[in-house]
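What follows is a set of notes on a single structure, which appears directly below.
Start at 1 and go down the list; that is how both ligands and their atoms are numbered. Keep in mind that this is a model prediction, so the values were computed, not measured.
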Amino acid sequence: MQSYKICGGKMLSGKIRVEGSKNALLPIIAASILVKDIVELENVTPLEDTYSMIDILRLLNVRVIYDHKSKMIIDSRNLVNKRISSEYTSKLRASYYFMGALLALYKSVKVGKPGGCDFSTRPIDLHLFAFENLGFDVVEEKNFYKFKKEREPKKIIEFSKVSVGATVNAILASVLNKGTTILKNVAMEPEIDDLIDFLNKCGSKIKREDNKIIVEGVYNLFGCKYKIMDDRIEAETYVVIGALLGRNLEIICDCKKYMKEFLLLMNKVGAHVKETSCGVIVNATKEIKEQSLIFNVYPGLPTDIQPVLTILFTKSKGESVFEDNVYPDRFSQVDELVSMGYNLHLVDKKLLIRRNNAYLDSVVSCKDLRGGMSLIVAAILSNKTTCIKNCEYISRGYYDVINKLKRVGAHIEKI
Ligand code: EPZ
């Protein structure tokens, strides 16, 4: 168990480099098994989830060479269709991308059920709906799903609800189909565009048209070299930290174009964020204007920044109100934050955020990735001492976060 003691209230100066996007990388790793050639990925982040995906590749007899920094070579020429047990798939939610990828290649597939942060119920009915429409019968067993190709795929698949994961899986499962598949009511997240760009660089023919994705099936794909996009959620997280404690804190990233809604909000509430050619420079702001915010699918304010953004609005004179349209119950960290002295109230799935009078020494525990990160941000803002347990959740989505914060002046020590 990773636990840290944080003595907060210190101003932060210096540079923080944003890593490659976890939520772009994981689908591309699964997609690489569709390529019977060598794939070279750059800007790969050595996260816990990255290694969990590598374990599954190796189980499928895929050769993986990874420098544990940013370069990964994947060779799927000797891929085998093996059942992926839940021992592997339960470690992360993105393991389910191997369902779509294997269904593109084989008529009969068995994959264990996914795991991942449980801040909310996270069904996969939309994924299974896509697979059924692509011609597969799905049988749910205790810990895994069995898929069997029984009929021709439908040409048009329209989702009842926007889902990032289901959109990714439908693309993966239709890339090598004969003919064209039209996906409707799809997710617009840029991480999906990174996957599309990767697959098109390997020879697929996929394009977006309004809220549709059109997949023209190809016979096979060839190897390529591809650079993963930067992580917009990591970048936004450090911008929030800079708005609270920054003294010329420089966030180096090239994903500003995917952060428009967030940067507009920073400007609107009075945060001192200056865009530069290689990212942004952020200075702490005394006063943040209160807001009523709804977090939504892209291009709306991303749900993944909602827990961290909570801490920024504790600096407002008035009351802010947060609602999360993607995960209405995504407030797992509120009780822990209240025990640190933060003035938060959850009423009918709305989070009321007010300025607090005093911080408290406390011991708190992470319960998931983004909620855990909000505890770190709350602890470095508080002028008291906070012990945070189960920080391994955080290293699933924020690479080297403790050292990055220590290098710019945060007082954090491992306990
Ligand atoms: C992806 O999760 C991300 N994870 C999440 O990031 C992110 O919060 C989410 O997209 C929304 O942007 C990865 O990319 C690995 P969804 P995903 O399917 O695909 C419901 C992080 O912290 N739904 O877009 O699971 C679902 O319950 C993680 O990095 C169904 O009802 O999200 C939610 O309410 C957390 N049935 C909504 O749709 C389904 O079959 C959107 O979920 C699938 C989803």
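- Looking at V364 and C387, their side chains never come closer than 4.5 Å, going by heavy atoms from C-beta outward.
- Looking only at heavy atoms of the protein, atom 15 (C) of ligand 1 is closest to N23 OD1, 3.5 Å.
- A centroid separation of 6.0 Å or more is found between the aromatic rings of F136 and F131.
- For Y298 and Y258, the ring centers sit 6.0 Å or farther from each other.
- Under a 4.0 angstrom heavy-atom cut-off, R396 registers as lying outside contact with ligand 1.
- Aromatic pair Y51/Y66: centroids less than 6.0 angstrom apart.
- For atom 24 (O) of ligand 1, the closest non-hydrogen atom of the protein is V164 N, 2.7 Å.
- Shown in contact with L369 at under 4.0 Å from a heavy atom are these atoms of ligand 1, numbered in order with element: 22 (O).
- Between S316 and K289, the shortest heavy-atom contact is OG-C, 3.8 Å.
- Protein heavy atom nearest atom 22 (O) of ligand 1, with residue, atom name and distance: R370 NE, 2.8 Å.
- Ligand-side atoms of ligand 1 in range of I124: 39 (C), 40 (O), range being under 4.0 angstrom from any heavy atom.
- Applying the 6.0 Å contact sphere to NZ of K110 captures no more than 12 heavy atoms from other residues, nucleotides or ligands.
- A salt bridge links R208 with D193; the closest basic N to acidic carboxylate O contact falls under 4.0 Å.
- Contacts with ligand 1 closer than 4.0 Å are made by side-chain heavy atoms of Y327 only, the backbone lying farther away.
- In this structure, the protein non-hydrogen atom closest to atom 18 (O) of ligand 1 is S163 OG, 2.7 Å.
- Of all atoms in ligand 1, numbered sequentially from 1 with element shown, those under 4.0 Å from a heavy atom of R93 are 17 (P), 25 (O).
- With a 4.0 Å heavy-atom cut-off, ligand 1 is reached by the side chain of T303 but not by its N, CA, C or O.
- Ligand-side atoms of ligand 1 in range of D304: 5 (C), 6 (O), 7 (C), 8 (O), 21 (C), 22 (O), 28 (C), 29 (O), 35 (C), range being under 4.0 angstrom from any heavy atom.
- When non-hydrogen atoms are compared, ligand 1 lies under 4.0 Å from the backbone of L126 as well as from its side chain.
- By the neighbour-count criterion of 12 heavy atoms within 6.0 Å, atom NZ of K350 is sparsely surrounded, having that number or fewer from other residues, nucleotides or ligands.
- Two rings, from Y327 and F295, have their centers 6.0 Å or more apart.
- When only non-hydrogen protein atoms are considered, atom 36 (N) of ligand 1 lies nearest to D125 OD1, 2.7 Å.
- For M373, no heavy-atom contact with ligand 1 is shorter than 4.0 Å.
- Among H127, K161, E191, the residue whose heavy atom lies nearest to atom 38 (O) of ligand 1 is K161.
- Here the heavy atom of the protein found nearest to atom 34 (O) of ligand 1 is V326 O, 2.6 Å.
- Closest protein heavy atom to atom 39 (C) of ligand 1: P123 O, 3.1 Å.
- Ligand 1 places these atoms under 4.0 Å from at least one heavy atom of G165: 18 (O), 19 (O).
- Heavy-atom separations between Y96 and ligand 1 include at least one value shorter than 4.0 Å.
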